[in-house]
Each structure stands twice: as structure tokens, then as C-alpha cells.
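Scroll down for the structure; my scribbles are underneath it.
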Amino acid sequence: MVPENLKKQLALAVRSIHWSYAIFWTDSTTQPGVLSWGEGYYNGDIKTRKTSQGVELNSDQIGLQRSEQLRELFKSLKTVEVSPQTKRPSAALSPEDLTDAEWYYLVCMSFIFNIGQGLPGRTLAKGQSIWLNNAHSADCKIFSRSLLAKSASIETVVCFPFREGVIELGTTEQVSEDLSVIERIKTSFLNSLHVDVPNKSVATLKSRKQEDLSYVAFDHNDYNVESIPEVGYEIANTTSPNGSSNAIQANQPLDDTLMVESITNGTSQVQNWQVIDDELSNCVHNSMNSSDCISPTFASLENIASAPKCNNPSDPCARDFQKCNNPKMTLVDPRSDEWHYQRVISTLIKNTDQLLMGMHLQKFPQASSFVSWRKGEPMDSQWPRAGTSQKLLKKVLFEVPQMHLDGLHESQEENDYKEGMRVEADENGMNHVMSERRRRAKLNQRFLTLRSMVPSISKDDKVSILDDAIEYLKKLERRINELEAHRGVTDIETGTRRSPQDTVERTPDHYFSKNNNNNGKKPGMKKRKACGVDEKGREINLDALKGSYANDVIVSTSDNGIVIEMKCPSRAGRMLEIMEAINSFNIDFSSVQSTEADGNLYLTIKSVLTGPRVATAKRIKLALQKVASKC
Amino acid sequence: MSTTATTTSEEVSSNEWKVIHMSEQEEDLIRRMYKLVGDKWNLIAGRIPSRKAEEIERFWIMRHGDAFSVKRHRSKAQDS
């Protein structure tokens, strides 16, 4: 789960140390047990700024807006991958607008890590921080995004566990390992520390030193102290009165303690945190139900940054908190509606606390909510729980949001009518656009395939691809003609050398005769090679014949010879009929190759013209087709 | 009686289309980028140092294109 307001917290953390980005890796919703992108903040270089409104933004808002735009771009690219029809909003970024660092941030969104795998996975598995220098040249087993980091010049990457996930920070600068940087980041997350105390009271944590740790006792009453884990390297445990714990661990018994290790050097500091009366508008716990409680909000803008203070100004703790509570790093945006809403409610509550609280709560003492804990003393100083009604508070909670909604309804009714008119016109146009887009996509796909098959393409444009394809086909055609001519010449040469005895031996009647000296074996490849037949070439032609059904007979002629390739259904006496048909044209066979497969007869006949040319290739073809078509 | 011939179909090969070897990391990154931006090879090449757009395109087509499916099956068979 991604904690609320995390983006702003990440923004604070990254900006405080001037790094390039922060990513919160969390348990994936789709694949449990796997870390995936939870939230992120980009603080690096920006090439093109795109804004939907003409308002000038400050650097904080630009960073948040850019992070949001990058996330939207990633989502839109993902949806385009799933359904190409989806149109990206016009105000969104396009991939061409991004810098190298932005690309790194964007592509990171597509990564997922098993526990123990990759930098975030190993950080979570070990439960400790990992600092990686020279990320761009790191081994891919350690940092699987090193290649991506190289293109974005990411030099330093740091990961540390946070709230059942991992926070990763990166920068384009080489930063030597410094744990105080991680500590500073962790303390910047203290901005989300909420202390709920009654109005006009001061909460003081008193501690005493014992074994380098400070033990703080709690008065188990209505008031919660909610703390963030990982203040130091220890976990802070708190006890909640309502039967539910606000910290990581389960509820503790009454004599439990809050263990706080000092942030700076691990030794105990006597800390005296005060929450000033006017700085917090408070939640009144009059109900067992936590939903009745309004979360505390800063009431005055001037005092936002001053919440935790230390009594001792020389204390390193105090210095750390002053750094941490820089006015620039406020989490509450004074211009937001939410802030205004909470302020109104807090003012109402302050003005009407006489109505809300019972008599016993009006006389609430001004002393501390916490008392010193002593061993063996009974804890019986609990304040009684109020049972008064909260009608006014509930009325405020229900009616204020209603006021916001009423204004919206009026303008919506006008817009609905106008939109209905547009929809019909848009649909017709959209259908045309979609079909056009599909057609273009098909064309582009075909061009890509053509481009992949034609070597030496000069340019990327379609005309060049077609030109090169035409040129390539012409070249292939010329090559085929050359090979045909070359084959014809070799056949003629071998034909003149051959004796009549050899010719008889090669005719189909004697081809597989058992009276030969081959002991009943088929004549081997040697005999065929002796004839000088291009074996590979013939195999290709045979293959071509096998594939073709329209051209059953192919007759190619040269000056002195004819090559006949044919395919026909196999049956007894078929061979004899073919030979007789060829003989009628005064053709002598120089070689015959026959193959029977799949119920078909495949023939390749090479021959030499003995007498005058009686027939053309066309006539021979027709005669052979007639023979082939006979059943 | 007849003999059965073993036939092999030869593809038109070109020296320019030699097999391009990519590391696992490069291949993974190309696949991720292709899923995001499609066949914008210049954008993809920008993410992979020391690789040209033509190289990446050729690698992708030889690895995933229909025209090279026969060749891929044959090389797989030889490997096994």
C-alpha cells in the first residue's frame, strides 16, 4: 500500500538533498510478493515544459507537475500498447519531449523486483540501506538497470526500507557514502508526525537516561501520540488507548515504554518536545470510533514550521529539527480547499468547545498529559471518558461538503446538453479515423517486412524502400538468367561427352533395373554427379514444383537443349506415356530424375535436340499437360 | 519403383543481415522500450549506449519479424 501524501514527502526528501529522483517501491497489487512502482518524484533536468494552464508555477509545483505528467505518459503508453485506438490527451507529454534522466525515471516504472532480486529487492530482504556508487557501470546482477543508468548518467543510487517497501533515491553526481544523508531524509519524513492533544494544553515528554536509551512513560488516557517508525535505527512503539496501535507493533501492556534513539549519534539525549497551544487545532476524542476524529492541521500559516522545539539550543537534536522544519518543506498547501476546509472546522471547534465538552473536560488541568513513571506505582490517574453528544461537530462534517457540491450541480446540467450534441458528430468522424489508422498501420507493417527482406536500403522513407526493392528484384532476375544460362552450357558439355550406352543406362526403363551390376540397389549419387547435373539447383526446382499446383509443367529452352520439369498424379504406365510424348518431338534424353511422393510423380528431364527443332516450348508444354491430365 | 528426394529451400541471404548479438540487459531494455514507444528506433537507440538505430531495428526484425521465422526455427534446431 502507498501511504497518503507520500509524493509530497518524497519531494521534500529529494529537494532537501538536491538529488535527481525518488521512487517508492511497494508490494505489487497485481502480483503479491513482488515489488513494483508505488510512487515517485522527479527532480532532474527538464527539456520541454508543458503546462495546461498559463499560470507561472514555482519550482516545487513544477516538480510535482512533471512527476505527474511522466506518470500519465507512462500510463498512456501502456494503454496504447494494449489498445492502439486510445488517444493520448493533447496536454500530456510526448516521448520526444523527455531528457535522458526522465527516460530513466519513466522506464523504471515498468520494472518489478522479486524479494531479494535487484537493488530494491535486496534492500527489503536485508532490511538495511544499500548505497551504490558508479551505478552506470555496476554489474547487472547487482543493479539490473545499470545500462539504463548509463544512458541517463545516473551515478549514485541509494535504497533504504520504509513502511513495508523501499525508497530509492538517485542522482547524476558521484556522492560518496554518507549515512547522515539517509538520516536527514528519514528525519524529513518526520513532517508527518501528528500529536493529538487537548486544546490549551502542553504535552511534554520527559525522559531519563538509562543504558544509552531514553525511556518515556505514557499516561494511558484519551490522547494519542502517533510517531513514525525508523526515527533512528530502532522502531518507536506507541500505545493507543482505543484498542488500536498507531505504530508498527501490536498493543503493549500498561507499563510499556517509548524507546527513542537519538538521530545524530546514537547516544541518548534528554529531549523535551513541546507542542505549542496555538499551533495545532485539536481533535476531541469523545467517541470510541476513530472516524469521528478530525486529523490535526496547522491553524496559522506563520507558525507552521515551528512545531517541535528543543529546550537546549546547543543540543544537536535541536539543530537537526530546525533543519528539518524549514518553512519551504511544509506539507500543507495553504491554497488548497482541503486546508481551508480543515481550518474552518478547527475554528468552529475552538469557538464551540464549551458546547462540545462536558463539565469535567472544561476543568481539564493545564499540566502535562504525561507523568513520570516509577516502578511499582499504580496507574490510576486516568481521566474519565466523555459521553457527550457531538451533534454540532457531525453537522459541520456533513454540511460543509454539501455546500461545495451544490455549486457544482448547476453548472453540470448546462454542460450535459451541449455534450450530447457533440457525441453523435464525433462518432462518425471517429469511425473513419479509426479505419484510416488501421489501414496505415497495415501498410507500415508491410513496408517494414519488405524493408527487412531487402538488403542495403538507403533511406527510411517508403519511396526509397520500394525503389530498393525493385532494384533488388531486377538484380535477382538477372542472376537467375545467368545461372540458367550457365546450367544450360554445362548440360550441353556433359551431353556431348556421354556415350549412347550411358544414355540407354539413364533411361527410365533401365533406371532401377535389377539386372544392373548394382545388386538390386538404386543407382547412387555418384552416377548423377558423373552427369554433371547441378544437384542443389535441381532440388530447389523440385521444391518449387512441389509447392505449385497451377504450373504442373515447366519447359525452359536454350540453343541446344531443353529442360522439362513436371508434376502429375502417379499411376502405372504414366512414365511411358510421358516419354512417348517427348519422343514425338525428336528429343533425346541426357538425364532423367523421377521422384514419387504424396501420390504424385515429380520429373526433371534434361535433353538435347538431335534433329531439327520440331516444336516450341509451348507445344511441348501443352502435349505434356494433356498427358498429365489423363486419369 | 522410385526414389524420394530430400529437398531444402534456400533463403536469399545477404551479408548485411548477419546475426546481431545483444546482451541480456540490452535485449530486455529494447523489449521494454518497444512496448512503450513501438518502432521509434531512434528513441530506443537513445537508451542503449553505443548502438545505432539501424542495428536495433535489424536485431528486432530478425528476432521477432515474420520474414525471419524460418531462419530462427532452423538456428534453434541446430542449437539443440
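Not measured: the values here are computed from a predicted model. In what follows, chains are A, B, ... by sequence order, proteins preceding strands, each numbered from 1.
Within the 4.5 Å cutoff, side-chain heavy atoms of A:Val107 are placed close to those of B:Leu29. Side chains of A:Trp103 and B:Met33 form a contact here, defined as non-hydrogen atoms less than 4.5 Å apart. A:Ser110 places none of its side-chain heavy atoms less than 4.5 Å from the side chain of B:Lys35. Using a 4.5 Å heavy-atom cutoff, the side chains of B:Pro49 and A:Leu147 are in contact.
More than 12 heavy-atom neighbours from other residues, nucleotides or ligands sit within 6.0 angstrom of CD on A:Glu482.
A cation-pi geometry, defined here as NZ or CZ lying under 6.0 Å from the six-membered ring centre and within 45° of its normal, holds between B:Arg32 and A:Phe111.
A pairwise comparison of heavy atoms in B:Gln25 and A:Phe143 identifies NE2-O, 4.2 Å as the closest pair. Across all their heavy atoms, A:Ser151 and B:Gly46 have their closest contact at CB-O, 3.8 Å.
Distance check: A:Arg145 CZ to B:Asp28 CG gives 11.5 Å after rounding to the nearest 0.5 Å. Rounded to the nearest 0.5 angstrom, B:Glu26 CD and A:Leu148 CG are separated by 12.5 Å. Rounded to the nearest 0.5 Å, atoms CG (A:Asn444) and CG (B:Asp39) are 7.5 Å apart.
Heavy-atom distances place both the backbone and the side chain of A:Ser146 under 4.5 Å from chain B.
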